[in-house]
Amino acid sequence: MARLNLISAADRSEKDARIWKKELQLASKREKEWRDAAEKVVKRYRAEEKKKGNVAILWSNTETLRPAIYNSRPNPDVRRRFRDADPVGKAVSEVLERSLMVMVDYECTDQTLKNDTLDGLLVGRGCARIRYVPSLRQVGEIEKQPGEQPDHSGGQLTNQTDSDAEGGQEEQEEVEYEQVLPEHVDWRDLRIGYGRTWEEVPSVFFRHKLTKPDALKKFNEEDIGSVKFAAPMEDDPKKIGEQVNETQKVAEFWEVWDKIGKRVFFIQDEAKQLIFPTDNPDGEPPIEFADFFPIPCPLYLIENTGSLLPLIPYHQYEEQAKQLDRISGRIDKITQGMRLRAMYDAKLFGELDDLMQSDDNEMMPVQNAQAWADGGLDKAISWFPIENAAALLEGLYKARTEQKAIIDEITGISDIIRGSTDPNETKGAQDLKATFGSIRLQRMQKEVQRYAKDLMRLASEAMCAKFAPETFAEMTELQFPTAQQKAMLQMQAQHAQMMAGQPPQPGQPPPSLPPDPALLQVPSWDEIMQLMRSSAMRRFKIDVETDSTVAGTLNSDMQGLSQVLTAVHEALTGLTPIVQSGMLPIDAAKELIMTIIRRARMGIAVEDVFEKMQAPKPPPDPNAGKAQAEVAKVQAQSQADAQRTQVEAQAKVQVAQADAQAQVAKTQAEGQVEMQIARFKEEAETQRQVTAHAHEAALISMQEKYDAAVKIIVATISASKSADPEAGPKAESEFAGGVQ
């Protein structure tokens, strides 16, 4: 059963490979006519075809339009979409803006956009893709159990050796540095699946020319075993078949991004199955872009609704350019024919030849002087007539100028853009030319701005999906706390709040100061990364834009801003006296100012500020200054007297309170002394009574012991008398002596 499943999977892969090769052929067939025409246009731009009379009008127009629609690199402008109070969104905006600025500064973004713009002007379509390039480093080897799968989480990659199948050592790699690169895609290496609009495109193909060592690094050897590597094909037939080194032999691989199947793989003419990279055997997209493809909608400088086939701008004036070449060719031929030539009598050959070769102020002798004197030199030489050719040449020059004017009108290149103006024209006429030229180019300028903005958005998506917090911190130099650090700050704040109302304990250190409340409001890297990783929430909260990529737009914006500020200043200056006098309510004046702000589209932030505008205070009366000074003096004197009376009363109250407190303290001290004396007497009496009772108890005890001893002795004497009559007197005498 496993064998059958394996065979069916292989057959399915071969079927998919045949289908995708057919899709690639169809995409190439749809664009073949355009690619052939584009090759001719590029050759003309490069002046590869040397023909007499050809005018470099394509190169001239391209180099004029190129800086007109793109002449400065875009600067990213990332901000919160709704400008609300969102600390996390603000932090994400700042992190992304700084990261994109680093990419623009160091990753050849400007050159990529220049190449894309040039392709758009020459062949009608420019495109670049976003690549994520990690730099890996070895971090040593770790023990690996048999059957254990490598762990690709945590931003680390592992490479498994041949001995890893049965356990052993595993080479561990980690990401040392991360980059997001905008990479220019040559128009010859891109194929687009069928779609009338960019949203309908199901697939995109990228061509790669890989050497065998590069292919073995990327794919499994068994997958590319049938691929043939040969010398790269050249456009020049003379170079085809040229011997090259083995390391220079390449094979064409096509990278396929399947939007419907949500996978990425490779196809090759000699390979029967789909080819997947070794680090991505399932074909999952390396980066989950919002629109799936790693490229924005390509740069189309000529609109073509209903089709994505590019339109070449040069074709719009190709016939006029050819006519210009023909006129220039005729001018060249006529100019070559307009030479200074003449005829003369053969008998005068030697003398005329010597005359034409003579030096300045040199006199020559002649043999037939009389003939020269009668006819003269001008009659001896008949010059070739060129007056008609000169008139024709003048007409051709005029026709060529008119033909160039027609091309300028078609392309929208006005005289003011070329820098050639009529000194007799007025400034208004020149401004009108400039305005007309800018209107003709506005659509192209906006298309380039749209394309640059989409490229920035793709780059931001790649950064949010792949970059680690350490990479963002290194690129942006922003210091945000981690979740653990923020939790510690919150615990310190809670502890400081609990200890604030308690008195300090003896022998304990003083309580630490609470952290700055502003630090508790700063989002942590974990919160920032959580928003970045969520593509849906990021698109809702964050807006990635670029500033204008045309210098002229900035000048016009500054001029318009200056006019708006002048209008607002004049309105405020004129309305303030009327509002102060009460002739016009403040609401009416505010509405007039807001009308100017709204018409100028200054933005919501400016409107919010002007909405808070209040009525101006009435101007001060100059005659009331002296009276106000007197009133202020009297008020100051009254306040001083009141303060002095209040201080004296407070002093008396404080003295009385001090006396009362002293009397109370004295009474309390006397009472305490009397109480101590009484307590001492009571304690002494109690001690005396205890001592007397103790003595009395001791006497009673001694008396009882004495009586008991006497009784014992008496009993002993009595017993002795009964036993020995003579021993009785002796015992009584001893007892009496002992008692004494």
Side-chain angles (χ1 to χ4, degrees), residues 481-520 524 642-740:
T482 62
Q484 184 178 3
Q485 293 173 345
K486 191 172 182 180
M488 292 179 62
L489 289 175
Q490 292 176 350
M491 292 177 60
Q492 292 177 5
Q494 294 176 358
H495 179 71
Q497 185 177 4
M498 293 174 56
M499 299 299 294
Q502 299 180 5
Q505 299 295 330
Q508 296 293 332
S512 59
L513 296 176
D516 188 359
L519 296 177
L520 300 177
S524 64
Q643 290 178 357
R644 184 172 59 255
T645 304
Q646 184 178 2
V647 170
E648 292 177 354
Q650 290 179 354
K652 292 180 180 180
V653 171
Q654 291 177 357
V655 170
Q657 290 178 351
D659 293 341
Q661 291 176 358
Q663 186 65 31
V664 171
K666 181 179 178 182
T667 304
Q668 291 178 352
E670 292 177 351
Q672 291 177 357
V673 170
E674 292 179 355
M675 290 174 61
Q676 290 179 357
I677 294 173
R679 187 170 63 253
F680 290 156
K681 290 181 178 180
E682 184 177 355
E683 291 177 355
E685 181 64 24
T686 302
Q687 187 66 27
R688 187 187 62 79
Q689 292 179 359
V690 170
T691 304
H693 287 301
H695 287 299
E696 185 177 357
L699 292 175
I700 294 173
S701 177
M702 290 175 63
Q703 184 66 38
E704 290 178 352
K705 291 180 180 180
Y706 178 76
D707 293 339
V710 171
K711 291 180 179 179
I712 294 172
I713 293 172
V714 172
T716 303
I717 294 173
S718 298
S720 299
K721 285 181 178 183
S722 60
D724 187 7
E726 294 181 0
K730 185 179 179 180
E732 290 178 359
S733 61
E734 290 178 359
F735 175 73
V739 174
Q740 291 176 356

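Please read these numbers as outputs of a predicted model, since none were measured by experiment.
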For the atom pair CE (Met675) and CD (Glu682), what is the distance rounded to the nearest 0.5 Å?
11.0 Å

Sequence neighbours excluded, the answer for side-chain contact (heavy atoms from CB on, under 4.5 Å) partners of Ile712 is Thr716

Ser701 side chain to Ala697 main-chain N or O, any donor-acceptor pair under 3.5 Å?
no

Please list all pairs passing the salt bridge (Lys or Arg N to Asp or Glu O under 4.0 Å) test where one or both residues lie in residues 688-712, with sequence neighbours left out.
Glu685-Arg688

